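Numbering of ligands and ligand atoms starts at 1, following listing order. All of these numbers come straight from a predicted model, not from anything done at the bench.
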Amino acid sequence: MPHRRRSLNPTLPPPPPAAAGAFHLAADDTRLPLLADYALLQSAAVSSVVDAAPASAEWSAGSAFTASSDAATTTASSTATALGSSQLMTATEEAGGRDTWVRRAREGYYLQLSLAIRLTSQAFLAGAPAPPELLLGCGPGDAGDGADDPEAVSYRLWVNGCLSWGDKIAHGFYNIMGIDPHLWAMCNAAEEGRRLPSLAALRAVDATESSLEVVLVDKGADSVLLDLERRALDLVRALGATLELVRRLAVLVSDHMGGALRSEDGDLYMRWKAVSKQLRKRQKCIVVPIGGLSIGFCRHRAILFKELADFIGLPCRIAQGCKYCSAPHRSSCLVKIDSERRYVREYVVDLVVEPGRISCPDSSINGQLLSAVPSPFKTSCKVGSGNYTTPVASWNQRIVDERRNTVLSNSHYSVARCCVVEENSVQVASKEGLLPKCGQITQNGNCNGMSVLDVSAQLKAMDISAENGNKENVPGATLPKRLSIEPSLAVDWLEISWEELELKERVGAGSFGTVYRADWHGSDVAVKVLTDQDVGEAQLKEFVREIAIMKRVRHPNVVLFMGAVTKCPHLSIVTEYLPRGSLFRLINKAANGEMLDLKRRLRMALDVAKGINYLHCLNPPIVHWDLKTPNMLVDKNWSVKVGDFGLSRFKANTFISSKSVAGTPEWMAPEFLRGEPSNEKCDVYSFGVILWELLTMQQPWSGLGPAQVVGAVAFQNRRLPIPKDTSPELAALVESCWDDDPRQRPSFSSIVDTLKKCLKALLGGS
Ligand SMILES: Nc1ncnc2c1ncn2[C@@H]1O[C@H](COP(=O)(O)OP(=O)(O)OP(=O)(O)O)[C@@H](O)[C@H]1O
């Protein structure tokens, strides 16, 4: 069945008339591209590709675009290589015609090119403004492009984690913590002309719903900062440009931000979190003035120190890394000073444990991290680990990884998974006429232009609650429309005491917890101990709400939730234990090939379909969003049960580098990967991949990295090859699940029917 083509990146211009020759960026042209340049760059590059693309099957995306600057070359060619040539060549075979191939190649390449150019331009923008040797004592305006522009400087610290001598922290500078610059860059259209979220957008983020933190240098309203500046000025007048000045300035900063830290940084970080919470609560805003921070860890101290240093003309830079801290955003300050009136030297200033202590950069004050200041838009290298990641791979991983996290309200990826409770609320509201005809709640959390959070807040204000029974195993059985129990009450009937659990062996680990087999009053159970035990009150309530819902979900093909440990530091989820482990492991264990004959595999597929059908038929439906064989568990009778659903909101709020999310675009629907509005038909696509695995006993997209899978599925419309000997009914079923148009994909009830027929035919024939 041919797949419907969708238009590719709408931001790309239509191909201009052909112009011969590849586009070259001059080697010495490293200035920051303006938006106009960007448009030119884009169209010039596209025109060169239009010419070059159809020439031969040997043509490779990487060779058509040549940008001579380091960053451009690295980014563009690795993007093109990661997503391009091999897949384009395969497209020839699949399309079976030169014209189709040419069109597909061209479209695919336009998209890759656009991404490459975006990343490249971001890499340029992240660059330091001027060579360091010019900058001792330089005044404003001396430093080169963007050195005085608070937004440019904010951007550089956000992206690079460091600031050079030439960057000046001035009024309007802000430091963002909690939004990944890669993700933001890719989610926000280039033509908006923004390199980082605007202050206005950040100010609009609800402080109670977000863990983002923005520290602002606001000389207009921050009287404490003005006072610190005055004191810094007094110091420089009294001491001149001396090491004593540096010491005293460091002490000034440290005293203002909580003093010297005696023990490990964990203490400081915890104190900072408490202060930050209070501040944000008081201000009802995630943007806080730097003078308002009575506690600050190394990044805050570095910013304040540099601001004061810049104010009094003391050359200062912020480097990535801190000897004491393990928190994200580690930073240290260096100053450049002519202490002996003979030559200028660079010193590292301790702002944390021994404020005012000054050392040479080659001391161990910052470990090995001091000079390792890679831009995330350039090839990154973990110091000492030997692990290298390409920017494209890490970008793609992060996109997939972070799509569950709230970024900003205008991001395609914000609120990527709806909270079940809130989903319920919206649908109840819709049914009860409380909202103007409710559209489908989309994967990005919007409904009729309102965010789910907005809708939920409205509903909470209206105090909607509805309750009805849950009829086990009956499609269409209803859940309570909205959980009306207060979390505090809910705890009573799902709480499992940690002491009652006798932990046995570790059976696996996922993105937000480690799973153990355990004994609970003589029964085998699986206990998933959450990785992040440092959760706030609101998150804990959310956790309890979601597991309270999950506890009411009962079906023979859905993993049974038994309860939870809701006390830190043992937050855990307890489910039935399935001794055969995940379907993924079974399929990929060679020895299982014989045990899993086609009949058994079809039964397994039917089990999965029944489990999901049950979830989808609930009122309101539960969409899994993360269906994959590692989440399907197998009991001793070879029955398969769907696990790992729910807790979406809790996962979203728990920022953990997600191995599984980052690594599983293989099962994700193209629209989901593209960050477009998605619905329950995402689960249908994923089921198609599971069925394919069961039919072929192979890993989906083996040999391709996550970035390549994203490119192939989401942007090149490629699908896994269905073996020729597959029965036509099953082949048609798989293909229909993978239709590019989600509306054309079958429902799970129809999938169940088709599988039953196939199984019947197989049994009849055997
Ligand atoms: N109830 C269970 N019974 C037996 N084994 C289980 C059970 N739950 C999980 N496991 C095993 O533990 C592994 C990790 O499970 P977990 O749900 O934490 O991670 P995941 O599904 O692989 O990743 P993620 O949660 O990030 O999607 C599973 O792959 C499975 O092998």
Side-chain angles (χ1 to χ4, degrees), residues 397-398 400-405 416-417 496 501 503-520 523-533 543 546-547 550-551 553-565 571-589 592 604 607-608 611-612 623-668 672 682-683 686 689-690 693 699-700 706:
Q397 286 199 350
R398 278 158 186 256
V400 179
D401 193 359
E402 302 224 9
R403 52 186 307 132
R404 289 172 173 178
N405 288 312
R417 286 172 150 207
I496 289 178
L501 294 165
L503 256 50
K504 309 278 190 199
E505 75 274 10
R506 178 186 185 276
V507 291
S511 54
F512 77 123
T514 306
V515 181
Y516 298 88
R517 183 173 72 84
D519 181 286
W520 186 46
S523 304
D524 264 350
V525 290
V527 180
K528 185 185 274 194
V529 183
L530 304 195
T531 309
D532 188 358
Q533 295 286 337
F543 172 66
E546 291 209 28
I547 51 181
M550 288 190 294
K551 188 155 177 184
V553 174
R554 285 161 183 272
H555 186 275
N557 298 113
V558 175
V559 172
L560 182 68
F561 273 86
M562 304 176 83
V565 182
L571 284 180
S572 312
I573 300 156
V574 182
T575 63
E576 64 176 310
Y577 176 74
L578 288 105
R580 292 193 194 273
S582 74
L583 182 57
F584 180 83
R585 221 182 53 192
L586 279 184
I587 290 176
N588 294 293
K589 224 166 143 187
N592 285 327
M604 289 175 142
D607 285 345
V608 176
I612 306 293
V623 180
H624 193 294
W625 297 119
D626 196 17
L627 270 187
K628 55 185 182 181
T629 43
N631 281 339
M632 306 295 118
L633 297 164
V634 185
D635 75 6
K636 64 176 189 311
N637 301 317
W638 301 98
S639 289
V640 184
K641 303 192 182 204
V642 177
D644 215 19
F645 64 95
L647 286 172
S648 51
R649 180 63 181 283
F650 190 71
K651 283 182 189 176
N653 284 343
T654 312
F655 188 86
I656 300 166
S657 153
S658 167
K659 118 185 136 42
S660 65
V661 180
T664 55
E666 293 88 338
W667 286 270
M668 289 175 179
F672 192 96
C682 275
D683 284 353
S686 309
V689 179
I690 293 174
E693 289 175 272
Q699 277 191 37

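- For the pair Glu693/Trp667, a side-chain contact is recorded, criterion being any heavy-atom separation below 4.5 Å from C-beta on.
- For Gly643, the heavy-atom gap to ligand 1 stays at 4.0 angstrom or more.
- How far CD1 of Ile690 is from NZ of Lys628: 10.5 Å, rounded to the nearest 0.5 Å.
- Short contacts between ligand 1 and Tyr577, defined as distances under 4.0 Å to a heavy atom of the residue, involve ligand atoms 3 (N), 4 (C).
- Of all the heavy atoms of Pro579, none lies under 4.0 Å from any atom of ligand 1, so neither backbone nor side chain is involved.
- Heavy atoms of Lys628 come nearer than 4.0 angstrom to ligand 1 in at least one pair.
- Close approach of ligand 1 to Thr575 is summarised as follows: ligand atoms under 4.0 Å from at least one heavy atom of the residue are 1 (N).
- Of all atoms in ligand 1, listed by their number and element, those nearer than 4.0 Å to a heavy atom of Ala526 are 1 (N), 2 (C), 3 (N).
- Taking distance alone, with nitrogen or oxygen atoms compared against 3.5 Å, Val515 stays at or beyond that limit from ligand 1.
- None of Asp635, Val640, Val642, Val634 except one satisfies the side-chain contact (heavy atoms from CB on, under 4.5 Å) rule with Asp607; the exception is Val640.
- Residue Glu576 has at least one heavy-atom neighbour below 4.0 Å for each of these atoms of ligand 1: 1 (N), 2 (C).
- Shown in contact with Asn631 at under 4.0 Å from a heavy atom are these atoms of ligand 1, numbered in order with element: 20 (P), 21 (O), 27 (O).
- The side-chain hydrogen bond (donor to acceptor under 3.5 Å, both in side chains) search around Ser686 returns none, not counting sequence neighbours.
- For the residues Lys641, Lys528, Met562, Arg580, the heavy atom positioned nearest atom 16 (P) of ligand 1 is part of Lys528.
- Every residue two or more places apart in sequence or in another chain that forms a side-chain hydrogen bond (donor to acceptor under 3.5 Å, both in side chains) with Asp524 is listed here: Arg517.
- Against a heavy-atom cut-off of under 4.0 Å, Asp626 is close to the following atoms of ligand 1: 27 (O).
- At a heavy-atom cutoff of 4.0 Å, ligand 1 is contacted by no atom of Thr514, backbone or side chain.
- To the nearest 0.5 angstrom, Leu633 atom CG is 5.5 Å from Leu578 atom CG.
- Note that CG of Asp683 is 7.5 Å distant from NE2 of His624, once rounded to the nearest 0.5 Å.
- The distance from atom CH2 of Trp520 to atom CG of Leu503, rounded to the nearest 0.5 Å, is 14.0 Å.
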